[in-house]
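Everything on this sheet refers to the single structure shown next.
Counting starts at 1 for both ligands and their atoms, following the listed order.
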Amino acid sequence: MHSEFILRGHVLSYTASPFVTETPEEAVKVSASVALADGRIVGCGSFEDMQSLLPQAEVIDHGAKLILAGFVDAHVHYPQTAMIASWGKRLIDWLNSYTFPEEMRFGDAAYAQEISERYLDLTLANGTTTVCSFATIHPESVDAFFTAAQARGQRVITGKTCMDRNAPDGLRDTAQSAYDESKALIERWHGVDRLEYAITPRFSPTSTPEQLAAMGALWGEHPECLMQTHLSEQLDEIEWVKSLFPQARDYLDTYEEFGLLGARGLYGHAIHLEERERHRLREYGAALVHCPTSNTFIGSGLFDMAGLMAEGQRIGLATDTGGGSSFSMLRTMAAAYEVGQLRGRPLHAAELIWLATQGSATALRMEDKIGNIAPGMEADLVVLDLSSTPAIAQRSARASDLWETVFPTLMMGDDRAISEVWINGHRQ
Ligand code: GUN
Ligand code: ZN
């Protein structure tokens, strides 16, 4: 079987962040082909140059299609797959009415396995090659997800979602059992193949100070792990946090005080931030994860992309399935554009694609492995058809440059635009 390939098309890679270059376009390099060998990218450039690198490679010609790094979804809840698009509630009622009853089912290993497979099928069909997911309180939900991803050769991150208060019977652990079970899962899974464990306290309203302290202690013992949680998503939630933690200076302080603020920390949503919180997040180089379809669907608010980028925050992009209303990172880029417009800063196509690939990889501290097309990177790729529907095709036909050709697919594209996906050098 071949393990060397040359893909021809419009290969898009980044030489810098388009948020820091003078113009977004100049952060991008477009090549005529990319060469893959043994699951890695060995180069991108002219077809002739790639052929002299890999003379035996199988050549696949994608014509006018766009070849990108696979999409990286930096904050999802795979257990919410079957209850995505649940109507009419805001965050706390939405959790109690829809989310917790569904998450209760994941103590059943067979159900966890079924939804893990379904979720990974759906995301793959949408060109997403890496996800960072919350699991449920049940260790079985972590085992099921890692097992399914491992069989597909995927780089994924997940962790047992710890909660010891303000959650129903059957969906609570304790400070001690959360520590013990998370530790056992780290030992079983972290660093196995392409799998990484994230220490996962759900958010401060569902953890006692004792549990947050236990999670902080565990992170201190395992600084190689990511830590993921939620931060300042809705105003009601923030008020609730203040009443539960009267001593805290702000929401972030409920994490900071217990050792849960760090460079490998991922803070989902981060919409309604105070000055001190922004300063501390920046100081630590912690990652904020923007979840635009969720923020509009649950009615949470408008993320300050321009302001946060300008102050040098580390920012990823995510669907937040199933608070988010889509599995698609294309739809998520469209929503990020719309939120940007509502805040007076339209994001460029080069910025949107960067957020969905390298931005998210940078948030996950995996930018040396995934999220870009460059020698040595793992060969996770997506091939986009830029005229996948009549509506998109007729608009792209009018375009006068690459970015105008790409933008209609970002705004109107769905799984029909995903022509091909590669994971670890294997065509799916
Ligand atoms: N905050 C705490 N848990 C959740 C969740 O599952 N989804 C969202 N959107 N926010 C949360
Ligand atoms: Zn979330």
Side-chain angles (χ1 to χ4, degrees), residues 73-106 115 119 123 131-138 141 145 157-168 171-173 198-207 211-212 215 226-241 244 251-252 254-255 260 265-272 287-303 316-327 332 335 339 360 363-364:
D73 192 342
H75 178 121
V76 313
H77 300 256
Y78 95 80
Q80 297 171 15
T81 295
M83 47 67 69
I84 191 170
S86 290
W87 185 84
K89 307 280 185 194
R90 295 173 70 84
L91 179 59
I92 306 306
D93 290 341
W94 175 86
L95 284 170
N96 288 319
S97 308
Y98 299 125
T99 312
F100 291 159
E102 177 63 15
E103 291 193 7
M104 207 89 85
R105 300 181 62 176
F106 285 72
I115 300 296
Y119 173 78
T123 47
V131 300
C132 181
S133 183
F134 287 64
T136 66
I137 199 96
H138 315 93
S141 71
F145 194 66
I157 305 118
T158 194
K160 167 192 144 73
T161 299
C162 302
M163 298 195 275
D164 68 343
R165 65 167 163 176
N166 294 319
L171 218 51
R172 290 191 309 273
D173 49 15
I199 294 165
T200 308
R202 181 175 213 118
F203 67 156
S204 44
T206 47
S207 289
Q211 183 170 74
L212 293 174
M215 294 290 99
L226 293 162
M227 189 288 301
Q228 61 179 344
T229 190
H230 297 86
L231 176 67
S232 293
E233 181 177 0
Q234 286 208 345
L235 297 174
D236 290 357
E237 171 209 14
I238 297 169
E239 288 312 308
W240 192 23
V241 169
L244 290 168
Y251 195 154
L252 185 66
T254 64
Y255 298 130
L260 292 170
L266 294 157
Y267 302 86
H269 306 291
I271 300 168
H272 309 284
L288 314 184
V289 188
H290 179 33
C291 307
T293 71
S294 171
N295 299 162
T296 53
F297 183 78
I298 312 186
S300 302
L302 304 176
F303 185 82
L317 185 67
T319 60
D320 190 33
T321 299
S325 52
S326 177
F327 296 94
T332 303
V339 169
S360 284
L364 301 175

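- Inter-residue side-chain proximity for Leu95 and Arg202 is flagged as met; some heavy-atom pair is nearer than 4.5 Å.
- Asn166 places none of its side-chain heavy atoms less than 4.5 Å from the side chain of Arg172.
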- Task: Quick one: do Glu233 and Ser294 satisfy side-chain contact (heavy atoms from CB on, under 4.5 Å)? Show the steps, please.
- Result: CA-CA 10 Å; Glu233 181 177 0; Ser294 171; 4.1 Å; yes
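- Ring to ring, Tyr251 and His269 are not that close: their centroids are 6.0 angstrom or more apart.
- Taking 2.8 Å as the criterion, His75 counts as a coordinating residue of the Zn ion (ligand 2), since one of its N, O or S atoms falls below it.
- Note: an N/O pair closer than 3.5 Å links Asp320 and ligand 1 by distance alone.
- For ligand 1, the polar-atom distance check finds an N/O of Gln80 within less than 3.5 Å of one of the ligand's N/O atoms.
- At the top of the distance list for atom 10 (N) of ligand 1, counting protein heavy atoms only, stands Glu233 OE1, 2.7 Å.
- Within the 4.5 Å cutoff, side-chain heavy atoms of His75 are placed close to those of His230.
- Counting only N and O atoms by type, the side chains of Tyr255 and Thr229 include a donor and acceptor under 3.5 Å apart.
- For a distance bound of 2.8 Å, the N, O or S atoms of Cys291 include none lying that close to the Zn ion (ligand 2).
- Scanning His230, His77, His269, His75 for the heavy atom closest to atom 1 (N) of ligand 1 points to His230.
- Of the polar atoms of Arg202, at least one N or O is found under 3.5 Å from an N or O of ligand 1, judged by distance alone.
- Between Ile84 and Phe327, some side-chain heavy-atom pair lies under the 4.5 Å cut-off.
- Residue-to-ligand polar distances keep Glu103 apart from ligand 1: every N/O pair is separated by 3.5 Å or more.
- Look at Trp94 and you'll find a heavy atom under 4.0 Å from some atom of ligand 1.
- An angle of 90° is found at the Zn ion (ligand 2) between Asp320 atom OD1 and His77 atom NE2, rounded to 10°.
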